[in-house]
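Contents: one structure, followed by commentary.
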Amino acid sequence: MIFVDTGAWFASIVPTDPNHNKAADWLQNNSEILFTTDYIVDETLTLLRARGERSCGHSYEKLVRLTLMRDPSTRIKEASTNS
């Protein structure tokens, strides 16, 4: 299982990111289960918006497909409500 943070999600879906090709290729060719959190998904969406990536409609769609739709290769841990 591999933990995927905001930087990797962002780079994989934003074509102008300097690491886009590496990140997108790695995600496409990865055969291990990916792990992320709902906080990371939220942070990635916030970063997309803050960096003006709203024009890349496919960015949101791709992130949703990779994470929120729970691609079989991705697991999302929900934040605990316990203090």
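Note: hydrogens, waters and symmetry copies are ignored here, and every other heavy atom, side chains too, is used. Computed from a predicted model, the values in this text were never measured in an experiment.
When side chains are defined from C-beta on, Leu27 counts as touching Leu34, because their heavy atoms get closer than 4.5 Å. Residues Asp5 and Phe3 form a side-chain contact, since some pair of their non-hydrogen atoms from C-beta on lies under 4.5 Å apart. Side-chain contact between Val41 and Trp9 is absent, with no heavy-atom pair separated by less than 4.5 Å. Residues Leu48 and Ile13 meet the side-chain proximity criterion, which asks for heavy atoms closer than 4.5 Å.
Summarising the geometry of Ala11 relative to Asp17, their closest heavy-atom pair is CB-OD1, 3.4 Å, with the distance given to 0.1 Å. Pairing each heavy atom of Met1 with each of Glu32, the nearest pair is N-OE1, 3.9 Å. Minimum interatomic distance between Thr6 and Ile40 (heavy atoms only, all atoms of both residues): N-CG2, 3.6 Å. Ile2 and Asn30 get closest at one heavy-atom pair: CD1-OD1, 3.8 Å.
Applying the side chain to side chain contact (heavy atoms under 4.5 Å, CB included) criterion to Ser31, with sequence neighbours excluded, gives no partner residue.
The backbone N or O of Ala23 lies less than 3.5 Å from no partner atom in the side chain of Ser12, so there is not a single donor-acceptor pair.
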